[in-house]
Amino acid sequence: VSATETPLKRVAYYKGCLASLSAKELDSSTKALAPMVGLELVELESVTCCGAGDIHEAEPDYYLHLNARILAYAEATGCEMLMTVCNVCTLNLRQANFMLQGDAELLARVNENLETVGVPAYSGKVEVRHFLWEIAEGEGYERLKEVAHRGLKGLKVAPFYGCQILRPSKIMGFEDPDRLVKMNGREVYKFATRVLVSSAEAVLRQCGESVEDVDVYVPHQANVRIIDHATKKLGIPSERVVINVDRYGNTSSGSIPLALADAQADGRLQAGSLVLMTGMGAGLTWGSALMRWTLEAAA
Amino acid sequence: MQMALKIWRYDSATGDRALKEYEFDAPEWATLLDCLDIVKDKQDGSLAFRKSCRMMICGSCGMRMDGAAVLACKTRMYDIAQEGRVPVISAMGNLPIRKDLVVDMDPFWSKFKAMWPWLEPGYERPEDGREYRISQERMNVVHKESLCINCGCCVSECNAMESDPEFLGPQALAKGMRFVGDPRDGATVERLERYNSEHGIWDCTRCYFCNERCPKGVDPRDAIAKLGAESIRLGIDRDMGAKHAKWFVRSAETTGWLREEELIPKTQGYVSAIKQLKFGASLARHGKVRPVPVPHTAKDVNEARNLRKVVREQDRQGALGHVQGEHALAKLDHGHQSESLEEIYDRPGAAPRPWLPEIEEETKA
């Protein structure tokens with residue numbers, strides 16, 4: 001039986017404040033993705049803000065009761081899990097849940113107060129989990145593999161985790177807050193030097209020109225080590241290479257045009273010069289162009 | 001067991017900096033501090049690090065292992081040696097390095113002193129002429145804060161201090177709570193006024209790194225939250241951070257959901273909000289501001305409103321509201337949810353139950 005044929009798991013969905021307004025993409029993408037990874041969202045109606053770090057700090061007793069109320073309404077849906085999409089909501093709700101689960105006296109007092117204002121009692125049996133956890137492991141992960149159009153193998157990412165999805169780890173309890181993703185700087189360096197050389201060679205081959213014919217070489221100005229390595233590999237004499245990263249730094253998409261302007265200004269570019277340009281950058285993309293310069297050199 | 005360490009060597013006099021690797025044989029029970037002793041003793045006597053008690057009470061040997069602050073004497077190396085990992089040891093963050101693993105603690109102590117780390121007596125002598133006795137309930141308020149050994153591991157990791165070196169920081173503020181929460185202290189309001197100033201409690205970013213790294217279970221972030229709660233309870237709320245927090249409370253009891261559009265004017269004031277109108281207009285273009293100021297009201301919001309009235313009558317305002325959850329949350333530290341001590345001490349491998357007078361009385365009875 002394929003995973004997509006098994007019934008969806010019902011979860012109480014708490015979207016919180018920001019996913020309702022300024023981060024509404026979070027809500028719409030969650031609703032689009034949830035059924036694909038096996039979740040049926042039961043959106044909670046009678047719930048409020050979890051209080052963020054703010055009510056937790058300023059009025060901790062009110063924070064506990066607001067969150068207990070959310071947990072109580074989640075339990076009333078008959079779902080075993082309360083699913084969040086915001087890190088701060090996740091910490092608030094998990095923390096309040098542990099407080100209530102680990103202290104029978106406190107739970108009794110909170111339930112008495114909930115009853116006074118007409119909220120159903122909370123038994124302490126709901127589990128609070130982040131949507132990302134549901135697709136990072138277990139059945140959600142298996143289903144994600146089935147529906148994903150493109151794999152993630154080899155994808156290079158710059159992660160921003162956010163604080164409260166990791167810490168305090170005793171409350172979040174999902175992953176090691178220190179060892180998540182490996183930085184792969186060496187791989188980026190290897191990639192950059194490889195494609196600078198291979199794409200330059202390919203464009204020269206297609207145009208029927210050789211390295212010796214290149215008068216001016218303008219690589220993307222990411223760093224000098226990469227440029228030096230590529231120049232040596234290609235066999236281009238260093239006086240034909242334009243470098244300005246030492247003066248302007250890496251100006252990303254502006255780096256080749258700026259370097260061309262420099263070469264034009266100092267007379268290295270003449271009408272008839274053969275110019276080889278190679279760029280590489282974000283998403284790990286690359287490309288080369290060979291151009292016959294037509295503008296007269298600067299006076 | 002065979003061990004290796006990579007240590008960042010540094011000399012502030014010359015500015016020389018180098019990552020050096022040391023290989024050596026260490027006993028299986030060795031801590032990071034034992035390993036450093038072996039390196040200094042047998043390989044390089046010029047290696048500088050602080051140490052004293054070797055048993056997690058003096059707070060001298062704070063340093064970083066693989067980028068995370070640890071007490072060297074608390075860190076056992078057996079598992080790392082088994083994995084064949086070579087950890088990188090460096091000095092703590094957020095403090096200037098003097099030599100190798102030794103940091104300049106002066107900025108740390110000057111913030112510590114700024115908290116008035118002494119008792120300002122403000123209590124009446126008990127009528128029976130005996131010493132002043134603190135109830136267990138009041139002691140619970142400052143119990144965790146009292147455990148601090150001033151090692152600086154929390155300061156090393158503090159994100160807020162990285163962007164604002166003058167931020168008082170987790171250690172100093174936890175120390176401040178230790179006195180604010182002390183019923184014998186007579187300077188509570190003066191202290192809170194002081195801690196509420198710029199670079200004070202509301203500058204914490206709530207990243208929870210201090211709680212994560214503290215080797216003694218002080219949970220400095222929770223101490224800062226207690227100071228925030230005490231400030232609000234006593235009406236010390238001029239800081240933007242306090243106003244920000246109060247707007248969340250106001251939102252929860254009026255509409256249920258955060259009244260996001262009004263958050264900036266209510267926190268930073270109307271002048272500042274007007275300066276940000278361009279940003280607001282751009283949000284509006286993307287449908288992220290409600291066109292008419294009709295609040296997004298939660299269903300049954302009157303329950304949330306009444307709930308606040310009910311809880312405010314129950315005398316758990318301020319730090320007590322935070323303290324009431326500590327008993328349950330401490331169970332997470334010790335990996336159990338059990339209520340009964342017998343059950344905990346009966347677990348396989350558990351430490352023997354300490355002697356307590358009432359147990360003996362029970363046995364006699």
Side-chain angles (χ1 to χ4, degrees), chain A residues 16-18 20-24 45-66 68-69 73 88 91 95-96 98-107 109-110 112-114 116-119 162-164 166-173 177-179, chain B residues 66-68 159 205-209 211-212 219 221 224-225 228-229 231-232 242 244-249 251-252 256-258 260 283 287-290 296 298-304 306-308 310-312 314 316-322 324-325 327-333 337 339:
Chain A
C17 300
L18 300 194
S20 311
L21 186 59
S22 68
K24 58 185 185 178
E45 285 181 350
S46 297
V47 287
T48 62
C49 173
C50 73
D54 288 86
I55 300 181
H56 172 259
E57 174 152 2
E59 296 196 9
D61 201 24
Y62 188 38
Y63 143 80
L64 179 64
H65 284 79
L66 277 180
R69 182 173 173 272
Y73 278 117
V88 180
L91 172 59
Q95 180 161 275
F98 283 129
M99 285 180 184
L100 299 169
Q101 289 171 343
D103 191 331
E105 236 174 86
L106 187 59
L107 178 64
R109 172 179 162 249
V110 168
E112 206 173 295
N113 290 336
L114 290 181
T116 308
V117 301
V119 179
C163 296
Q164 297 184 0
L166 300 175
R167 295 181 297 271
S169 56
K170 70 171 182 182
I171 290 172
M172 303 317 279
D178 289 321
R179 293 178 225 291
Chain B
D66 289 334
N159 274 312
T205 61
R206 302 176 185 147
C207 77
Y208 285 90
F209 251 121
N211 282 21
E212 199 66 40
D219 288 337
R221 166 59 214 153
I224 298 172
S231 303
I232 297 285
H244 192 268
K246 286 179 78 174
W247 189 247
F248 272 79
V249 175
S251 296
W257 296 110
L258 174 63
E260 228 183 323
L283 282 175
K288 294 185 168 193
V289 177
R290 273 172 282 267
H296 167 206
K299 198 177 155 210
D300 304 322
V301 66
N302 59 314
E303 291 175 4
N306 294 337
L307 206 45
R308 181 159 184 260
V310 169
V311 301
R312 281 172 72 83
Q314 294 178 354
R316 299 283 179 105
Q317 298 305 300
L320 283 176
H322 288 291
Q324 67 178 345
H327 176 67
L329 293 176
K331 293 179 179 176
L332 297 173
D333 283 320
Q337 287 284 303
E339 289 289 339

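Letters A, B, ... are given to chains in the order of the sequence lines, protein chains preceding strands, and every chain is numbered from 1.
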Open item on the list: Please find the pair of heavy atoms, one from A:Phe98 and one from B:Ala328, that lie closest to each other, and give the distance.
Closed with: O-CB, 3.6 Å
Task: Greatest number of heavy atom pairs closer than 4.5 Å to chain A - which of B:Ile232, B:Leu329, B:Val310, B:Asn306 - done: B:Leu329
Task: Heavy-atom neighbours of B:Lys246 NZ exceed 12 at 6.0 Å - done: no
Task: Approximate separation, where rounding is to 0.5 Å, of B:Arg308 CZ and A:His65 NE2 - done: 13.0 Å
TODO: Mind ranking A:Ser22, A:Ala52, A:Gly173, A:Ser20 by heavy-atom pairs under 4.5 Å with chain B and telling me who comes out on top?
DONE: A:Ser22
Open item on the list: Nearest 0.5 Å, please: how far is OH in B:Tyr208 from OG in A:Ser169?
Closed with: 12.5 Å
TODO: Using modelled atom types only, decide if a donor and an acceptor are shared between the side chain of B:Lys331 and the backbone of A:Gly102 within a distance under 3.5 Å.
DONE: yes
- [ ] Please answer whether the main-chain N or O of B:Ala304 pairs with a side-chain N or O of A:Tyr62 as donor and acceptor at a distance below 3.5 Å.
- [x] yes
Task: pair B:Lys299-A:Tyr73: side-chain heavy atoms closer than 4.5 Å - done: no
TODO: Let me know if A:Thr116 has heavy atoms under 4.5 Å from chain B in its side chain, its backbone, both or neither.
DONE: side chain
Open item on the list: Between B:Val301, B:Asn211, B:Leu307, who has the most heavy-atom pairs with chain A when the cutoff is under 4.5 Å?
Closed with: B:Leu307
TODO: Tell me, for A:Val110 versus chain B, whether the close heavy atoms (under 4.5 Å) come from the side chain, the backbone, both or neither.
DONE: neither
Task: Check ion pair A:Arg167-B:Glu212 (N to O, under 4.0 angstrom) - done: no
TODO: Let me know if B:Asp219 has heavy atoms under 4.5 Å from chain A in its side chain, its backbone, both or neither.
DONE: side chain
Open item on the list: Are there over 12 heavy-atom neighbours, none belonging to B:Gln314, within less than 6.0 Å of that residue's CD?
Closed with: yes
Open item on the list: Can you tell me which of A:Leu64, A:Leu114, A:Val47 forms the most heavy-atom pairs within a distance under 4.5 Å of chain B?
Closed with: A:Val47
Open item on the list: I'd like to know which of A:Lys24, A:Glu45, A:Glu105, A:Arg109 tops the heavy-atom pair count under 4.5 Å against chain B.
Closed with: A:Arg109
Open item on the list: Here's a test for you: under side chain to side chain donor-acceptor pair (under 3.5 Å), which of A:Gln164, A:Glu57, A:His56 qualifies with B:Arg206?
Closed with: A:Glu57
TODO: Select one option (side chain, backbone, both, neither) describing which atoms of A:Leu91 are under 4.5 Å from chain B's heavy atoms.
DONE: side chain
Task: B:Leu258 and A:Leu18, any side-chain heavy atoms less than 4.5 Å apart - done: yes
- [ ] Would you mind reporting whether A:Leu21 and B:Trp257 have side-chain heavy atoms less than 4.5 Å apart?
- [x] no
Task: chain A contact via B:Gln324 - which portion, at a heavy-atom distance below 4.5 Å - done: both
- [ ] Report the C-alpha separation of B:Val311 and A:Glu59 in whole Å, then their side-chain angles, then the decisive distance to 0.1 Å, and conclude whether the side-chain contact (heavy atoms from CB on, under 4.5 Å) test is met.
- [x] CA-CA 10 Å; B:Val311 301; A:Glu59 296 196 9; 6.0 Å; no
- [ ] Over all heavy atoms of both residues, which pair between B:Gly318 and A:Pro60 is shortest? Give the atoms and the distance, please.
- [x] O-CG, 3.4 Å
